[in-house]
Amino acid sequence: MTATRVLVLNSGSSSVKYQLLDMSDSSRLAAGLVERIGEETSRLKHTPLTGGGEAREREQPIADHEEALKAVADELARDGLGIDSPELAAIGHRVVHGGKFFTEPTVIDDAVLKEVERLIPVAPLHNPANLTGIRTAMALRPDLPQVAVFDTAFHTTMPESAARYAIDIKTADEHRIRRYGFHGTSHAYVSRRTAQLLGKEPEDVNVIVLHLGNGASASAVRGGICVDTSMGLTPLEGLVMGTRSGDVDPAVIFHLMRVGNMTADEIDVLLNKKSGLIGLCGDNDMREIRRRVDEGEQEARLAFDIYIHRLKKYIGAYYAVLGRVDAIVFTAGVGENSAPVREAAVAGLEELGLAVDGELNSVRSDEARIVSPEYARVAVAVVPTDEELEIAQQTYALVAPPENRNA
Ligand code: ADP
């Protein structure tokens, strides 16, 4: 029997998201989430996606990632999809920070674990959790290939002119300060899917990808290769996000230290957790913000306007970086669902060949689609992202027997 299943694990500091896919037809067999690991109120939600079973929820204390993964393994086994099955080909792990070193998905061994660990200073929130997930999964199935798929990998093609900050080069190199970019799995998947939607090969199209979720980032993709992205050393740079400020003058930080008597840690929390939309208007959910805007609330209006202004600046910047743009594509929670955001982001950019068709833009759908009018020079597209499928495909491509790699 050929093993064609891939388990995708996304381990956060207090959560594990998972999906089990069958790569013979890219179908999803099960999906779920363990939340609040380490608390009394931990919860596991498991949804079988084959065989017609009902979603199941368990609320019980789950002390750590090991217990979480064991609980996931139990749930999968109840559906006959146990992780000890010979049909499981590999486990694919989302790893947030791969630095400069990891340009591709990589089968995990001790050297890989060491390098991911070495990157903890530049990804203190994410890499430790990712490592815990990997080590736990390796202990459960030591015989199985485990693959790391890095959020940063797609951006490692950025030229030095885009990847470097203009700061003292020796200091930057000593501390590995450069622009790494994140959400790469999504930018890779969505840019490729957009080419397909246009009926073209990825090599033949230039695309601006706007990944607008709670975290948000833009990228400029020339012929399938990333040439710039808005997140930097950490996911803080760039667009206005749910709780992150995005770009600020770095002097804001010393000002807050000197004049506001704040510590580095306090400013870190301020800019990452208490800024962006939530800092501006108290809400980070775009649905709620739009509702407030429609009711004429000024605070929400200002937050929305700042969000859109920044988005437009990046569209303009990446238009200039690319020179020629074939499509602008919106993805993730806000990008896929918020017609007002898409409309406002391209409003007034007709001279750049950009427009949305009001009717097409307001259609709600889970399908990849074009929402610009036929006459527009640049396609405006909406493409639902699918990071799990991308991780599963990249994982399977690395471990499957050659005759099955294009399954
Ligand atoms: P994450 O970055 O957490 O993966 P998602 O891509 O799931 O985020 O996006 C979550 C965000 O998407 C929510 O905070 C909300 O602002 C937005 N969102 C979800 N559904 C809608 C909707 N129907 N309309 C507008 N915004 C939405």
Side-chain angles (χ1 to χ4, degrees), residues 8-19 31-36 45 94-96 123 125-126 129-130 149 151-152 181-190 193 209-219 229-231 234-246 272-295 300-301 303-308 310-311 329-345 356 361-369 371 382-391:
V8 175
L9 289 182
N10 180 353
S11 308
S13 55
S14 66
S15 70
V16 175
K17 288 189 205 149
Y18 63 95
Q19 280 195 14
L33 166 71
V34 189
E35 288 176 296
R36 301 193 287 272
K45 187 168 181 206
R94 175 187 181 213
V95 179
V96 169
L125 294 180
H126 294 106
N130 299 156
V149 179
D151 260 24
T152 44
F182 299 89
H183 292 145
T185 310
S186 175
H187 287 279
Y189 173 83
V190 168
R193 186 75 186 82
V209 182
L210 303 168
H211 176 111
L212 312 177
N214 201 20
S217 63
S219 68
T229 195
S230 60
M231 285 177 166
T234 76
L236 182 56
E237 192 179 343
L239 299 173
V240 175
M241 312 183 206
T243 67
R244 297 189 194 117
S245 61
N272 274 296
K273 301 245 163 80
K274 297 184 181 170
S275 295
L277 293 170
I278 209 157
L280 288 166
C281 74
D283 268 311
N284 63 338
D285 191 316
M286 190 52 81
R287 284 164 288 201
E288 188 56 19
I289 291 169
R290 279 307 310 177
R291 194 191 57 73
R292 290 171 56 191
V293 170
D294 292 341
E295 284 181 356
R301 174 89 248 171
F304 185 78
D305 289 349
I306 295 172
Y307 184 92
I308 296 296
R310 186 81 51 84
L311 201 50
V329 52
F330 289 86
T331 192
V334 177
E336 290 165 29
N337 295 301
S338 180
V341 165
R342 296 191 295 258
E343 187 186 327
V356 293
N361 190 41
S362 61
V363 172
R364 295 193 58 83
S365 160
D366 294 337
E367 301 290 314
R369 59 203 187 272
V371 298
V382 181
V383 172
T385 192
D386 195 338
E387 288 162 284
E388 289 78 15
L389 177 62
E390 180 72 18
I391 292 173

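In each ligand, atom 1 is the first atom listed, and ligand 1 is the first ligand listed. Along the sequence shown, residues carry numbers from 1.
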### Task
Measure from the side-chain N and O atoms of Asn10 to the backbone N and O of Tyr18, and report whether any donor-acceptor pair falls under 3.5 Å.
no

Value for OG (Ser13) from NE2 (His126), rounded to nearest 0.5 Å, stands at 7.5 Å

Flag: protein heavy atom within less than 4.0 Å of atom 4 (O) of ligand 1
no

shortest atom 17 (C) of ligand 1-to-protein heavy-atom contact is with Val334 CG2, 3.6 Å

For Gly215, the atoms of ligand 1 under 4.0 Å from one of its heavy atoms are 2 (O)

For atom 24 (N) of ligand 1, the closest protein heavy atom turns out to be Arg287 CG, 3.2 Å

**Prompt:** Any N or O on Met286 sitting closer than 3.5 Å to an N or O of ligand 1?
**Reply:** yes

Taken to the nearest 0.5 Å, the spacing of Asp386 CG from Gln19 CD works out to 6.5 Å

Donor-acceptor contact present, side-chain Arg244 to main-chain Gly215, <3.5 Å: no

In terms of its nearest heavy atom to atom 9 (O) of ligand 1, the top option of Ala332, Gly333, Ser217 is Gly333

* Does ligand 1 have any atom that is closer than 4.0 Å to a heavy atom of Arg364? -> yes

For Asn284, the ligand 1 atoms with a heavy-atom partner under 4.0 Å come out as 14 (O), 16 (O)

d(Ser186 OG, Arg193 CZ) to nearest 0.5 Å is 13.0 Å

Counting heavy atoms under 4.0 Å, the part of His183 that contacts ligand 1 is neither

Q. Has the side chain of Thr229 got a donor or acceptor atom that lies under 3.5 Å from a matching backbone atom of Ala218?
A. yes

Nearest non-hydrogen protein atom to atom 23 (N) of ligand 1, with distance, is Asn337 CB, 3.4 Å

Worksheet item: Hey, are Glu288 and Arg291 close enough for a salt bridge, meaning a charged N less than 4.0 Å from a carboxylate O?
Response: yes

Closest to atom 10 (C) of ligand 1 (heavy atoms only, candidates Asn214, Leu277, Asp285) is Asn214

Would His187 and Ser217 count as having a side-chain donor-acceptor pair, cut-off 3.5 Å? yes

